[in-house]
Structures are given as C-alpha cells and as structure tokens.
Undergrad: 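Sharing a structure with you now.
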Amino acid sequence: MRDAQPKAIYLKNYQPPEYLIPETRLHFELHEEFALVHATLRLARRPGSSATSLRLHGEDLELLAIALNGRALVDGEYAVDDASLTLTGLAETVELQTTTRIRPQDNTALEGLYKSRAMFCTQCEAEGFRKITYFLDRPDVMSVFSVTIDADLERYPVLLSNGNRTAQSGLADARHRVVWEDPFPKPAYLFALVAGDLARVEDTFTTMSGRSVVLRIYVEEKDLGKCDHAMQSLKHAMRWDEEVYGREYDLDIFNIVAVDDFNMGAMENKSLNIFNTSCILASPETTTDVGFERVESIVAHEYFHNWSGNRVTCRDWFQLSLKEGFTVFRDAEFSADRGARDLKRIEDATLLRTAQFAEDGGPMAHPVRPDSFIEISNFYTLTVYEKGAAVVRMIHTLLGPERFRAGSDLYFERHDGQAVTCDDFVDAMQDSSGVDLSQFRRWYSQAGTPELAISGEYDADARTFALHVTQSCPATPGQPDKLPLVIPLAMGLLGDAGNLRLQLQGEPAGSELADNTHRVLEVNAAEQSFLFTDVPEKPVPSLLRGFSAPVRVRYDFSREDLCALMMRDGDGFARWDAGQQLMVQALGNLQTQRRDGEALALDPLLVDALGGLLRDEQLEPAVAAAMLALPGENTLAELASHAGGADVEGIHAAREHARGAIAGALGDELAGVYRRCRVSEEYAPVGEQIGRRTLANVCLSYLATLGEAQVALAATQLEAADNLTDRLAALQILAQYGEASQRESALQRFYDDWSHETLVVNQWLQLQAMLTVGDSLERVRALMEHPAFTLDNPNKVRAVVGAFASGNPTGFHRADGAGYGFLGGIVEILNRRNPQMAARLLVPLTKWRNYPAGRDAMREELQRLAALPDLSPDVYEVVSKSLA
Ligand code: B3K
Ligand code: ZN
C-alpha cells in the first residue's frame, strides 16, 4: 500500500528493461519468525541500452546487506524506498548481492512467500516476486534460477523449487538444505518455492520421444487418497498436447503441490505447479461431478502453460491474454475432446454471456489486451481469459484446424525462450496461413460486446433467402467509437424436414463441402448481406452455431421458429440456444404479467417443447439436462440490463413460477425420467454417469416445487447417495423446499457427517449462502460466526461472501440495501489483509447501473469505500472506475 494515489500505467509507454538478469542465485533460510533471502543477481546491460542506473522492484522487504561485485555498499551508494532499490554508476555487467528479511508468517495477502497452514509456499504472478527479493519483476526479464533452501528438517522435510534437484545435505541444528536448478530461463513470476511436511503420490509418463518423466503430487498425508483423478488428468493432458499440438514436456520431473490458502485456482510455475486444494483433490465423497471436471480442466490448463506461457511468455502484463486466452482455448478443446463438445460449448457460452458480457458492459470494461491498468491483479478477468480464448477460437475457425496448427508450430518455433506480444501470436498465424488478419486484430484492442442485428428475407419466386447482417458495438469507457470486426458466423438453414443443403451466391455450384448444411459466414463490415440460392422453402436460420463468436445476435424469431430450432436443428448448441431464447421470452412475459398484476401463465409452447424433450429417450441425458434448465437469474439480469435494468424480485418470481408450472404440467414425465436416470452402478466420474445424474437432479429439482411428497424424494436420495453430487443436490432441495425443521436438521446432520473434510464443508457453506428462504443475509452473517469459517481462507470467503453476493441475487439486492453494506464491510476488512480478494469480491457492487431499485444504495456503498483512507491499489482501482 502506497501513500500517494495509485497511478495507471499504459501499454503505449512500454520500454524494454535497461538491464537483463541472465542468472539468479537465491538462498532461502526459512525460520519460524522470518525468512532470510540471499540473492545473487548477474546483471547485464541490455544491448542497445546506455543506462548506468537501475531501479529494481522490491516491496515489504527489509534490506540487511547489499554488495556490488563483492564490495559491500554503504549509505549513499544506493537508494531504497517502499517499492524499489536504485543503483547508480553501474558497469555493463555487475554482480549484485542482497540479503533481505521477509515475514512470510505475516503475509495475509497470499502474494510472494507466505504460509498456508504449516507449509511455506509462493504465489508470484503477476508482481509477487518483488515481495521476496529486489529484482526486475517484469516478464520480459528472463533468468536462469538456482535456488538453495535451508529449513528445519522435521517441520519441513520436503523442500521444492523449479527445475531439477541437484543437491541435498544435512545442516547443523536439525536443519537441512536442498538445491534446485532450473535450466530454462524464466521470468520471476514463474518462480516457486514450497517447504512442508507433505506426502506424495508418484507416477511416470513416457513422452512421445521416449523420455520418462516423473510426476508427483504433494499433499497433506490425509489427502493422499484424493490425488488419483488429478494424476490421470495430468497424463491425459500431457498426451493430448503431444497429439494435438506436437508439444512435449521438457524436464524429467513435474511436481504439483496442493495448498489450502490460495487466492485463485492454481499457478503454472515452471515444473512446480501450485494448486488450490479445491482444484486438485478429488474423491466421490468430497467432490461433485462438476468438481471432477474442473480438476481435470485446471490440471490441463496449468500443464498446457508449460508451452503457452512458460516457454513462450508475455512481454508485459498488457499481453496477459497471449498466454491466458490461448491456454483457455487449449484447455477447452482438451475438455471437449475428452467429454461432450456441445456441452462444453454450452457451458462456455453461458459463462461468457452471463459474466463476460456483463464485464464488457460495465465500468471496468477493457479490451482483451488492456491499454492501461492501475493494478494488474484486477485484470485476471473473464475478458482476458474467456473472451481471449474466444478470439483464439475465431482464428482457429477462420484458418481451419490444419492451418491453425501450422500457425501454432510457427509461433512456438519462432518465439521459444522469448517474451512476446499478442501481435506476435497473430503474426505467426497470419504468416503461416497467408490469411490476412489485419482487421481481425481489432478484437484485441476494442472492448465491448459486438451485436449482430440479423434479418432474413425469403423470395419464394426466386427461391432465395437473404440474411442481412448489421454489426455494431456499444461504447465502452474510453472507447466511444468502434470499428467493424471480423466475425465468423456459423449457421445453417432449417426446413420442414431438417437442415437444407446450402448454396451461397458466389460459391462454386454443387460445392463439395463435406457438410453441405453448415457454413461459416465471414461478417466483416458494418452492413452486409448473404444470399442463399436454390432454397426450396422458407427456412428458419440457425445462427451462431457452436457460439462461433463472442457476440450477441438479434433476430426476430417467432416462438414457433424457436421451437422448430430447439426440436430439430442439426447443431446441438443451436438447439440449446433456441430453447434458452424461448425460455427468456417466456420468463419475460411472466415478469410483465406480474408487474401488471395479471395472473401468471407460462407459455404453453415452452411446456410442450420441454415435454417433448422429456419423452425423447434418444436424447443424451446431459444434453436433455442442459436444455431443461432455465436460464439463471444472473443471465436474465444481464439481458435485462439492456432493457431498462434488472428487476431482481421479478426475475426470481418469474423463474420460480415457471419451475412450478413446468413441474405441474410435466410431473409424470419428470418423475419417470428421474427414475430412469438414477445411477445404480458404483460412482464413477465418467460422462455417461454424469449425464444421468445431472438429468435426474434437474428433474428432482423441478419436482420439489410440487410439495412435500416430492421433497421426500430428496430426503431418500440424501440417505442413499454414495457420492457428493447426489448428496448436495438433495441437500439443496431439502434446504430450499423442505419445512424449516427439516432444513435445519438436514444441514446440521450433513455438517456433523462431513466436518472433517474442509472442501465438503466449504460446499456446505456455499449452498447455504445461496439459499433464498428466510433472511439470507442473517443466515450468511451466522455462517461467518461458524467455527468452520475464517476470513483468512479465500475458499471460505468465496464460499460464503462471494456466493452470497453473486449467487443469491434476491438476498444481496434486498430492498433495504443491507446486502450492499454487508459486502462493503467485508471488502473494508480485506482491503488491508488481502487486497486481491477484496477487489474481486467487490465486482457485484460495480454493476450498480444495472439495478434500478438498488442503484443509489449500491453507489453510496461504493462512495463510502472510496472515501476510506489506505485503500489498496486493487480496491482503489475497482471503486474509482466503477464510480466514474
Ligand atoms: N496464471 C495464473 C493466474 C495468476 C493470477 C495472479 N493474480 C493461473 C492461470 O491462469 O493458470
Ligand atoms: Zn492460465
């Protein structure tokens, strides 16, 4: 925390470093009260630079000794302030030695070197290394590290860092020493250190060139039985990267460590990934199906970073999406290949539409490659990650898989060992394919969600169908005017008997495309038309198939059109999407009826369509489950933000009414599918079982709206379940729909059964934070008093405070504004203790413009926070931008 108002830094001011650090030697002495860090840096002036002075980053460090080329410096020969160490009169190459004292035990921000329970661990991305020692803590300074760690042998028998272990020895006073050397130059953000009393599971992987790699997952002894899924996931990911990208692992050892206190999911430190326990441990008793899938995808994501992030890294933090967008695209494709592609697209599209579009439409909107920031930690956003991945996906779509792979090969070959930019990535794609991507690059610089307004025109005499497409993009902070983007629009045309063969004007006749019912139109101008010829009947267009671009599409579909697409289109994503649009319309009508004091009546067409889905035994259960689920309250709120703002109560009431009406009309079908889909085999987190469980639980949750007899089904399921997925689903239903006494006793019993499993308890906390019965806020306050809760653990804060603020809209937006005050109070406490967490928790408040009823109270809470002394740069940036 600095005294002066934090300042923004700009991409346009990027300057290469004056000095490089080809070699870094670190020696850690870990003690219970403090740690000493002896650093020896070989500094070499960058060719082309004439600088003789150098400002190294350093925060919260106590400098105990400093020497240049072996000579101790005295006062006046260097300058230190709370963010830096400045050296002057430097020769072309020098050796700098410093000794600093740091206090990992007091580090509650969980950035730099800190303690999680009984172990030491690190988190350096983005700018945490400067809290360990003085350094050029920027990703374009890549160094070869060797690391010596001394610690008490009994407390910390396991000492880890990046690369290979090259030495170990005993020391006096029951201490020991281990030395690690990483042959690959890396930026400081990829440095990692772990010291603890850890157990491990071990496996091996033989790479495509026949090298054997040792794989180890380190956890607390009690969690040894929960590592198998992560280990299998790692091996699958390693194989997939070889097969799909030709990328092989490059060291003889790959370590993963699980820690309880971690600000995000995991971190890709070179050969020493550090994971939040919630993203690595998995067992049927402690992990839901969704959790198993999350572990697999995060293990893969961090592993994939070894090439997309570590071997080729970012020049500066504005380029964060270079590694994150590409790696998210890679992990999404991995998951799609491992599971069901349509479902993965549905999940990703939902995330983008619900949360990323909201980011794009809010006060913190920024391009995939931001132009400026105050605190980079605030830019680990859905825009950088998920929209960034969508941008890479569009390149993949425009080039096709073979040319995309050639582009990726060229990118890795050209830039191995370098720190580069998003433009370098696009250049490689363009150079290898010959496809001109100059206009496409606007996706990196232009913020906001583009909109496609599309209309269709059928000419029965000419047998043509024209699609008229207009693209626009709303203004975002600092970007009033937008230019047209290149938007791949995947589509088809649906006729009475199925999808029509397509002939696009201008295409050679009888085009020999393998799938002649599918096209990707390249939209690249403000207004454009596409003409299909030889169209025998008036079609219904199936648009944005597979969510081919992160855009909104507006088309004036009739309810019958949507039903036709939902029941019969050839694209699974488009079917789901049409169903969602029908639901959005139906829920909108319910809200209007409610507002106008009319009796609520759910669209019978929707009910019929859902009945059809339930009776279709051919439909894959997982797809049926996705299609039966109503859009969530946050998705509806995001859509409403465009139409005058979200009525939280109205959305909730409409949705609950619809659930009851659907269950009332389709009770027999729902009960039948519930029975048919129950899994009787032993639990396994495999697609086929997951699909059936998901569908059964969706049916159960509809049925529960019908009353006691159906709620009893949940009680039976809770008793009988052999896995957390079914248990939590049943508990949620009992807690939400059961009698008060049933609710409280089920919750208490669950806690008594699982209080020894932190990760299960966290899910129990989260479930309660999202309950809408009774006084939610009071319940949340009580949860914070529960012995299982602490503000010091990010998983717990997310489970209670985060889940309440973003997953319980009626509770958070209650009319008296108390939800806002509550959140502001927590942010105020965490502002000093853990600024990254504090800033992230604040996000729901920043959307104040979308909520007409709570607008003033939300803004006032932000203003109250803005006036606090000592705001961290993290919180300051979010508060000040959202009030601007
Ligand atoms: N690269 C890390 C995120 C670091 C966040 C720092 N505040 C995890 C990931 O994206 O793989
Ligand atoms: Zn990542």
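Everything numeric in this text was worked out from a predicted model, so none of it was measured. Read the numbers this way: they start at 1 and go in the same order the structure lists the ligands and their atoms. As a basis for the values below, the full set of heavy atoms in this structure was taken, side chains included, without hydrogen atoms, waters or symmetry mates.
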Undergrad: Between Glu125, Glu324, His301, Glu127, which one has a non-hydrogen atom sitting closest to atom 6 (C) of ligand 1?
TA: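 That would be Glu125.
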Undergrad: If you measure every N/O of Tyr385 against every N/O of ligand 1, is any gap under 3.5 Å?
TA: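 Yes, since at least one N or O of Tyr385 sits under 3.5 Å from an N or O of ligand 1.
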Undergrad: What heavy-atom pair brings Ser377 and Arg840 nearest, and what distance separates the two atoms?
TA: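 So the minimum-distance heavy-atom pair works out to O-NH2, 4.1 Å.
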Undergrad: Are Lys387 and Glu359 close enough, and set up right, to give a salt bridge (Lys or Arg N to Asp or Glu O under 4.0 Å), and what steps lead you there?
TA: CA-CA 11 Å; Lys387 185 175 179 179; Glu359 203 165 273; over 6 Å; no
Undergrad: Where is the nearest protein heavy atom to atom 8 (C) of ligand 1: which residue, which atom, and how far?
TA: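 Here the closest protein heavy atom is Ala266 O, 2.9 Å.
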Undergrad: My understanding is that only residues two or more places apart in sequence, or in another chain, count here; which of them pass side chain to side chain contact (heavy atoms under 4.5 Å, CB included) with Ser278?
TA: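 Result, side chain to side chain contact (heavy atoms under 4.5 Å, CB included) vs Ser278: Asn276, Leu759, Asn795.
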Undergrad: Nearest protein heavy-atom contact for atom 11 (O) of ligand 1: which residue, which atom, what distance?
TA: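 Its nearest protein heavy-atom neighbour is Glu302 OE1, 2.8 Å.
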Undergrad: Any N/O/S atom, backbone or side chain, of Glu302 lying under 2.8 Å from the Zn ion (ligand 2)?
TA: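 Checking Glu302: none of its N, O or S atoms is under 2.8 Å.
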Undergrad: Test your reading of the structure: does Gln123 have an N or O sitting under 3.5 Å from an N or O of ligand 1?
TA: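 In fact, backbone or side chain, Gln123 has no N or O that close.
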Undergrad: Which of the atoms in ligand 1, numbered in the order shown and given with their element, are less than 4.0 Å from a heavy-atom of Glu268?
TA: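 In order of numbering, the contacting atoms are 1 (N), 2 (C), 8 (C), 9 (C), 11 (O).
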Undergrad: Do any nitrogen or oxygen atoms of His305 lie less than 3.5 angstrom from nitrogen or oxygen atoms of ligand 1?
TA: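 N/O-N/O distance below 3.5 Å exists for this pair.
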Undergrad: Restricting to N, O or S atoms of Glu324, which is nearest to the Zn ion (ligand 2)?
TA: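 Result: OE1.
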Undergrad: What are the two closest heavy atoms between Leu11 and Pro370, and how far apart are they?
TA: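 In terms of heavy atoms, the two residues are closest at CD2-O, 4.0 Å.
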Undergrad: Ignoring hydrogens, what is the shortest heavy-atom contact between Leu322 and Tyr411? Give both atom names and the distance.
TA: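 The answer is CD1-OH, 3.4 Å.
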Undergrad: Just jot down the ligand 1 atoms closer than 4.0 angstrom to any heavy atom of Met267, in number order.
TA: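 Result: 1 (N), 2 (C).
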Undergrad: Return the minimal non-hydrogen interatomic distance between Cys121 and Ile274, and the atom names on each side.
TA: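 What the structure gives for the nearest pair is CB-CD1, 4.5 Å.
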Undergrad: Is the ring pair Phe334/Phe304 parallel, tilted or perpendicular, if the boundaries are 30 and 60 degrees?
TA: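 It falls in the perpendicular class, over 60°.
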Undergrad: Stepwise, does the salt bridge (Lys or Arg N to Asp or Glu O under 4.0 Å) test hold for Asp182 with Lys270?
TA: CA-CA 8 Å; Asp182 182 358; Lys270 182 78 186 186; 5.9 Å; no
Undergrad: Give, rounded to 10 degrees, the angle between NE2 (His305) and NE2 (His301) as seen from the Zn ion (ligand 2).
TA: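 Value, to the nearest 10 degrees: 100°.
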Undergrad: Thinking salt bridges, do Glu333 and Arg341 make one under a 4.0 Å N-O criterion?
TA: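 Result for this pair is yes, salt bridge flagged.
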Undergrad: Under 4.0 Å from a heavy atom of Gln836: which atoms of ligand 1 are those, numbered in the order shown and with their elements?
TA: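 Numbered from 1, ligand 1 contributes 7 (N).
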Undergrad: Relative to the heavy atoms of Lys323, which atoms of ligand 1 are at a distance of less than 4.0 Å?
TA: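 Result: 1 (N).
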Undergrad: Decide whether the shortest distance between a heavy atom of Glu111 and an atom of ligand 1 is less than 4.0 Å.
TA: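 For ligand 1, residue contact (heavy atoms, under 4.0 Å) with Glu111 is absent.
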